[in-house]
Amino acid sequence: MAQEVIKIRGGKTLKGEVNISGAKNSAVAIIPATLLAQGHVNLDGLPQISDVETLVSLLEDLNIKTKLDGTKLDVDTTQIENAPLPNNKVESLRASYYMMGAMLGRFKKCVIGLPGGCPLGPRPIDQHIKGFKALGAEIDESSDTSMKIEAKQLKGANIFLDMVSVGATINIMLAAVHAEGQTVIENAAKEPEVVDVANFLISMGAQIKGAGTTTIKITGVDTLHGTEYQVIPDRIEAGSYMCMAAAAGEEVVINNIVPRHVEALTAKLKELGVDIELSDEKAIIRKSEPYHSIDIKTLVYPGFATDLQQPITPLLFMANGPSFVTDTIYPERFKHVEELQQMGANINKDNGTATIKPSTLNGAEVYASDLRAGACLIVAGLIAEGVTTIYNVKHIYRGYTQIVEHLKALGAEIWTETV
Ligand code: EPU
């Protein structure tokens, strides 16, 4: 079957400005959360990515009226109906699991397919389920393809997460906004996207305290009203462009960035030797070799994001010695390693750690196994000699708004072809 590929001829210098979109990982939770509103919701600042389109289409399956126009989405829930969602749309992205929490909150019942998403190794949802059960839900997991979640009544509860999980924290918040009494989530995720979703729910009348800390308290309310809301900038998209600029930028200005959200990456890039200027809402980055070898360990926020360990990896080939990257969140998130080896890179992985040695990269045919592996291959393609062809680019389009156009505007020799 014909498919689109991205091609890059490496060695061009990047210069100019790029505007960062709204955060994918906020948007993919906030869109399902709109179904909790009685009335109209107007969102702005959405990224223009396929995950957004898929979630909007899931809202429509519940007879919600939607109008998606660029970065804006209008949602009207006045005709909402509960309907089963056991279809292939649900499987196409991981974040469809937020439909569970939102539908449980709104209807006390949902039937939904099992979530898919990037293959990063095991990605269980046991903590989400534990939270729903604590709130009073019963779960029928007898089907291989879908799950039925139902509560006679949702009651606030104290929930201690076994591990820090962005998805479980948000999903429990979504269900708990209508639970009777108080829900306390302990060992909650502190990621900016958790705070953004909480702020969105608060703007609809939810009572939530402590988002951004390890203890979140939610007091249930009977109804939530419509609202207008602007999604925060995408720190992972910003970080990915910071890596591209460090790889090949004469001077790249990255606009719509929250410096606080990219602190761990900024610190590592500075350690590497990258020239970075950060002000309130922008970063100016210049490639400034020679780079020094560094070690990276991914951690929950505010530590170094797992989503950025793949995009930063090609920079480490430009360093003066061996570097080590350890992913403690997803120890199997190293599918990019084999692809980089195809490009001539001296990189190996063992037990959740990649060892990266100085290398010269050559263009090759490579495969984007997941979204951030795709971003990694783009960074690698920018510095490689010759043409890199990236297959399976649907993953890249799930998370990066108009990435080919943005890079072209910065001066990269990048184009798409159907093969
Ligand atoms: N985990 C469990 N059980 C659960 C939930 C999580 O064992 O019930 C484990 C996971 O397997 C993982 C760790 O806990 O080892 C953290 O997972 P988390 O739940 O925080 O991840 P997620 O919510 O599924 C989100 C982002 C990911 C990002 C991670 C970590 C969304 C839609 N996805 O996933 O983003 O890597 O948090 O920060 O928000 C991406 O954007 O490329 C991406 C994969």
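Counting starts at 1 for both ligands and their atoms, following the listed order. Computed from a predicted model, the values in this text were never measured in an experiment.
- Between Lys24 and Glu193, no side-chain nitrogen of the basic residue sits less than 4.0 Å from a carboxylate oxygen of the acidic one, so the salt-bridge criterion is not met.
- Formation of a donor-acceptor pair under 3.5 Å by the Arg106 side chain with backbone atoms of Ala37 is found in this model.
- Looking at Asp370 against ligand 1, nothing comes within 4.0 Å, counting heavy atoms.
- Close contacts between ligand 1 and His128 involve ligand atoms 8 (O) [criterion: under 4.0 Å to a heavy atom].
- Using a non-hydrogen distance threshold of 4.0 Å, Tyr97 registers as a contact of ligand 1.
- Proximity of Lys24 to ligand 1 is established by a heavy-atom distance of less than 4.0 Å.
- The backbone N or O of Ser92 sits nowhere less than 3.5 Å from a side-chain atom of Ser96 that would complete a donor-acceptor pair.
- Close approach to Ile125 involves these atoms of ligand 1, each under 4.0 Å from a residue heavy atom: 4 (C), 8 (O).
- Taking both residues in full, the closest heavy atoms of Phe334 and Ala354 are given as CE2-CB, 3.7 Å, listed atom of the first, atom of the second, then distance.
- Residue Gly167 has at least one heavy-atom neighbour below 4.0 Å for each of these atoms of ligand 1: 19 (O), 23 (O).
- Within ligand 1, the atoms closer than 4.0 Å to a non-hydrogen atom of Arg333 are 36 (O), 40 (C), 42 (O), 43 (C), 44 (C), numbered from 1 in the order shown.
- For Ser165, a nitrogen or oxygen atom sits less than 3.5 Å from a nitrogen or oxygen atom of ligand 1, counting backbone and side chain alike.
- Proximity of Thr306 to ligand 1 is established by a heavy-atom distance of less than 4.0 Å.
- Residue contact annotation: Pro124 has a non-hydrogen atom under 4.0 Å from ligand 1.
- Smallest separation of non-hydrogen atoms from Asn346 and Ser359: N-OG, 2.9 Å.
- When only interatomic distances are considered, the shortest N/O to N/O separation between Ala95 and ligand 1 does not fall below 3.5 Å.
- Residue contact check: Met163 has heavy atoms under 4.0 Å from atoms 1 (N), 2 (C), 3 (N), 7 (O), 14 (O) of ligand 1.
- Gln38 contributes no side-chain N or O that, together with a main-chain N or O of Leu224, makes up a donor-acceptor pair within less than 3.5 Å.
- Under the side chain to side chain donor-acceptor pair (under 3.5 Å) criterion, Glu53 pairs with no residue, sequence neighbours left out.
- The part of Tyr330 lying near ligand 1 is the side chain, judged by heavy-atom distances below 4.0 Å.
- Electrostatic pairing of Glu271 and Lys268 counts as a salt bridge here, judged by a charged N lying under 4.0 Å from a carboxylate O.
- A distance below 6.0 Å separates the ring centres of Tyr229 and Phe200.
- Ligand 1 has a nitrogen or oxygen under 3.5 angstrom from a nitrogen or oxygen of Arg94.
- Each of the atoms 18 (P), 19 (O), 20 (O), 23 (O), 37 (O) of ligand 1 lies under 4.0 Å from some heavy atom of Val166.
- Under the 4.0 angstrom criterion for non-hydrogen atoms, Lys130 is not in contact with ligand 1.
- The ligand atoms of ligand 1 that sit less than 4.0 angstrom from a heavy atom of Leu371 are 42 (O).
- Taking Phe132 as the reference, nothing meets the ring pair (Phe, Tyr, Trp, His ring centres under 6.0 Å) condition, with sequence neighbours excluded.
- The only member of Ile20, Leu14, Asp234, Asn19 that meets side chain to side chain contact (heavy atoms under 4.5 Å, CB included) when paired with Tyr241 is Ile20.
- Near Gln127, meaning under 4.0 Å from one of its heavy atoms, ligand 1 places the atoms 3 (N), 4 (C), 8 (O).
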